Amino acid sequence: MEPILHPSQWRIRALGVSTFLGHPLFYVVWAWWLPQPYENLLLRALMALCGLSLLVLPGVRVSPPTRGAAVTFSLIFWLTLPWFFWWMYFCNSGNAVWLASLGAAMLIYYHLTDWRLATLGCATGLLFAWLCFEAVGPAVPALGFAQAATNTVVLSFSWFMGLVLGLSSSNLRREQLNYTLGTMGIMAHELRTPLATMQLIAEAVRNEAPQYAGESGERLQQLGTRLNTLVRNMNHQIDMQITNARLMRPIGNPERISAAQLVREAIDAYPYRSTREKQAVVLRIYGDFHFYGSRDMFHQVVDNLTKNALRSLAAASSSPQPGDLLIEVGAHGARGRIAFTDNGVGMDAELRKRIFQPFVSTDRGTGHGLGLAFCQRVVNGAHGTIRVKAAPHKGAVFTIELPVA
C-alpha cells in the first residue's frame, strides 16, 4: 500500500494539476476539435474539481499523510479513472476513442495505486458505471458481437498488463526495502562489536578506580561512567534508526499494548546521562488503557519524546529538577492519552507549525529532524493523533491520543 499511504507532496500536486487541467482540455478536444457522440461539460467540470481538491484541501497534502488523506486520494482517483472512463465508454458505445482511453486509464490507475486497490477499483468502477448508465445514461445503439468481442480482448489485455506491471513495481519496492534493511542490519552488527569492547573497557576502568585514592580514582570512575553512557547512547541510536527504517514496512499483526506498561518500560530502559536527569522524569498513571500497534515502534516513540524533552531541559539555564519532565497516562471514554510536559526552552510559533516535518529539528547541532516525523507516522498508523503546544522559554507539551482497544 506504500504508494497510497505515503504520497509525496510533489506527486499529489502533479496529479492534481493534471486532473484539473486535463478534463477541460479533453472536453475541448472531443467536443469541438474531434467531436465524439457524447460529451458532458458538467461531468468534466466535476472531475476537474476532484483534481482541484488535491491542490486546495490541506489534509490531502499533509506530510506524513494521514489515513484520511489516503482514503480521499483513493476515492478521487476511483471517480476520475475507472468510474468516469467506464461511464464514458458506455455512453459512447465503446467506440475507438473511448476504447483506447479506457485501456490507458487502466494502466494509469495501476501505476497510481496499489495493485490490490486498483483491481478492486476497476471491478467496482465497471459495476457502478454500468448501473448509472442503465439508470440515467443516454440512449445509444448496442454493441455488435464482433465489436464487443474485440473490445473485450483489448480491455482484458490492458487490465492484465496493468496488473502485471503493478505486481512488478510492488516486488521491486519490496526487494529494495529488504536490501536496505539487510544492509542496515550488517552495519548495526559491525558497529555493535567495537561498542561491546568499549563497554568492557569502561567496566574495567570503573573496577580499577577504587584502587586509586583521591581525585585520580574519582576521575577514572567518571570516565568509565561516561564511556558506558556513550556506548548505551550509540546502541540506542542504532536501534532507533533500524526501527525508523522498519516503519516503511506495513504492520502485519498489530499487538494489543498496555499504555502504562509501555511507558514505564521505556522510561526505565532509557539511557539517562546522569542520576539528576533520571530524577527529573516523573510518571503519573491516572488510568491505564490498551491500544493496537507495534510495541517496538511505540517504544521508540516514547524514547524520542523523552529524549527531545530532556534535550530541551538541558538547553535551559537551570539544572533539571524532579518533575521538570512530567509524563501522564490516562483515558477518557474511547480515547487514551499520553502527554509529555517539559519545562525546557520551548519553541516559537513558526517552528511549532513545522515540527513534525522530516528534517526539521529544534537541535541544530546534532538533531537529524526525523524523530518527530517518525513519531507522527507511527501514531497515525495506529489511528491516533499527536499534537504539540509550546511557546518560547515556556516549555512544551506533546500529547498522543489513541483509540482504546
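A quick note: this is a predicted structure, and the numbers were derived from the prediction, not measured. Scope of the values below: all heavy atoms of this structure, side chains included, with no hydrogens, waters or symmetry mates.
Considering only heavy atoms from C-beta on, Met88 stays 4.5 Å or farther from Ser101 through its side chain. Tyr27 is listed as a side-chain neighbour of Leu41, based on a closest heavy-atom distance under 4.5 Å. Using a 4.5 Å heavy-atom threshold, the side chains of Leu15 and Leu112 count as touching. With a 4.5 Å cut-off on side-chain heavy atoms, Trp83 and Thr124 do not count as touching. Using a 4.5 Å cut-off on side-chain heavy atoms (C-beta onward), Leu167 and Val164 make no contact. Taking 4.5 Å as the limit, every side-chain heavy atom of Asn92 sits out of range of all side-chain heavy atoms of Val140. You'll find the side chain of Pro24 stays beyond 4.5 Å of the side chain of Val28, heavy atoms only. Within the 4.5 Å cutoff, the side chain of Leu200 has no heavy atoms near those of the Glu203 side chain.
In terms of modelled atom types and a separation under 3.5 Å, the side chain of Trp30 and the main chain of Gln36 share no donor-acceptor contact. The backbone N or O of Ala390 sits less than 3.5 Å from a side-chain atom of Arg352, completing a donor-acceptor pair. Using a distance-only test at 3.5 Å, with no hydrogens or angles considered, no donor-acceptor pair links the side chain of Glu401 to the main chain of Gly336. Between the side chain of Ser216 and the main chain of Tyr212, no donor-acceptor pair closer than 3.5 Å is present.
Note that CG of Leu25 is 9.5 Å distant from CH2 of Trp33, once rounded to the nearest 0.5 Å. The CG atom of Leu131 sits 4.5 Å away from atom CG of Leu127, with the distance rounded to the nearest 0.5 Å. Separation of atoms CD1 (Ile355) and CD (Glu350) is listed at 11.5 Å; rounding is to 0.5 Å. For the atom pair CZ (Phe90) and CG (Leu102), the distance works out to 8.5 Å, reported to the nearest 0.5 Å. Rounded to the nearest 0.5 angstrom, Ile201 CD1 and Arg206 CZ are separated by 14.5 Å. With values rounded to the nearest 0.5 angstrom, Leu107 atom CG is found 11.0 Å from Leu81 atom CG.
Contact detail for Thr80 and Cys50: the closest heavy-atom pair is CG2-CB, 3.7 Å. Smallest separation of non-hydrogen atoms from Met47 and Leu79: SD-O, 3.7 Å. Residue Val329 comes nearest to Ala260 through the heavy atom pair CG1-N, 4.2 Å, listed as atom of the first residue, atom of the second, then distance. Considering every non-hydrogen atom in both Ala266 and Val302, the closest pair reads CB-CG1, 3.5 Å. In this structure, Met106 and Cys122 approach most closely via the heavy-atom pair CG-SG, 4.4 Å. Across Ile285 and Asp288, no two heavy atoms sit closer than the pair CG2-N, 4.2 Å.
Counting heavy-atom neighbours within 6.0 Å of Phe26 CZ, excluding the residue itself, gives a total of 12 or less. Applying the 6.0 Å contact sphere to CZ of Phe157 captures no more than 12 heavy atoms from other residues, nucleotides or ligands. Taking a 6.0 Å sphere around CZ of Phe133, one finds it holds more than 12 heavy atoms contributed by other residues, nucleotides or ligands. No more than 12 heavy atoms of other residues, nucleotides or ligands shown are found within 6.0 angstrom of CD on Glu215.
Evaluation of the side chain to side chain donor-acceptor pair (under 3.5 Å) rule for Ser312 yields no partner, not counting sequence neighbours. Every residue meeting the side chain to side chain donor-acceptor pair (under 3.5 Å) condition with Gln261, not counting sequence neighbours, appears here in chain and number order: Glu265.
For the pairing with Trp98, the ring pair (Phe, Tyr, Trp, His ring centres under 6.0 Å) check across Phe85, Tyr89, Tyr38 returns one residue only, Phe85.
Residue pairs meeting the salt bridge (Lys or Arg N to Asp or Glu O under 4.0 Å) criterion with at least one member in residues 33-58, sequence neighbours excluded: Glu39-Arg44.
Ring centroids of His23 and Phe84 are separated by less than 6.0 Å, placing the two rings close together.
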In sequence, state the C-alpha distance, the side-chain angles, and the governing distance for Leu325 and Thr341, and then conclude on side-chain contact (heavy atoms from CB on, under 4.5 Å). CA-CA 6 Å; Leu325 172 54; Thr341 305; over 6 Å; no
Could you go step by step and tell me if Phe289 and Ile338 meet the side-chain contact (heavy atoms from CB on, under 4.5 Å) rule? CA-CA 10 Å; Phe289 68 92; Ile338 306 173; 4.1 Å; yes
Walk me through it: do Ser294 and Val378 pass the test side-chain contact (heavy atoms from CB on, under 4.5 Å)? CA-CA 8 Å; Ser294 167; Val378 173; over 6 Å; no
Taking it one step at a time, do Leu305 and Leu372 satisfy side-chain contact (heavy atoms from CB on, under 4.5 Å)? CA-CA 8 Å; Leu305 294 176; Leu372 288 176; 3.7 Å; yes
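Judged by distance alone, the side chains of Tyr110 and Thr119 do bring a donor and an acceptor atom under 3.5 Å apart.
Under a 4.0 Å N-O distance rule, the pair Arg295/Glu255 qualifies as a salt bridge.
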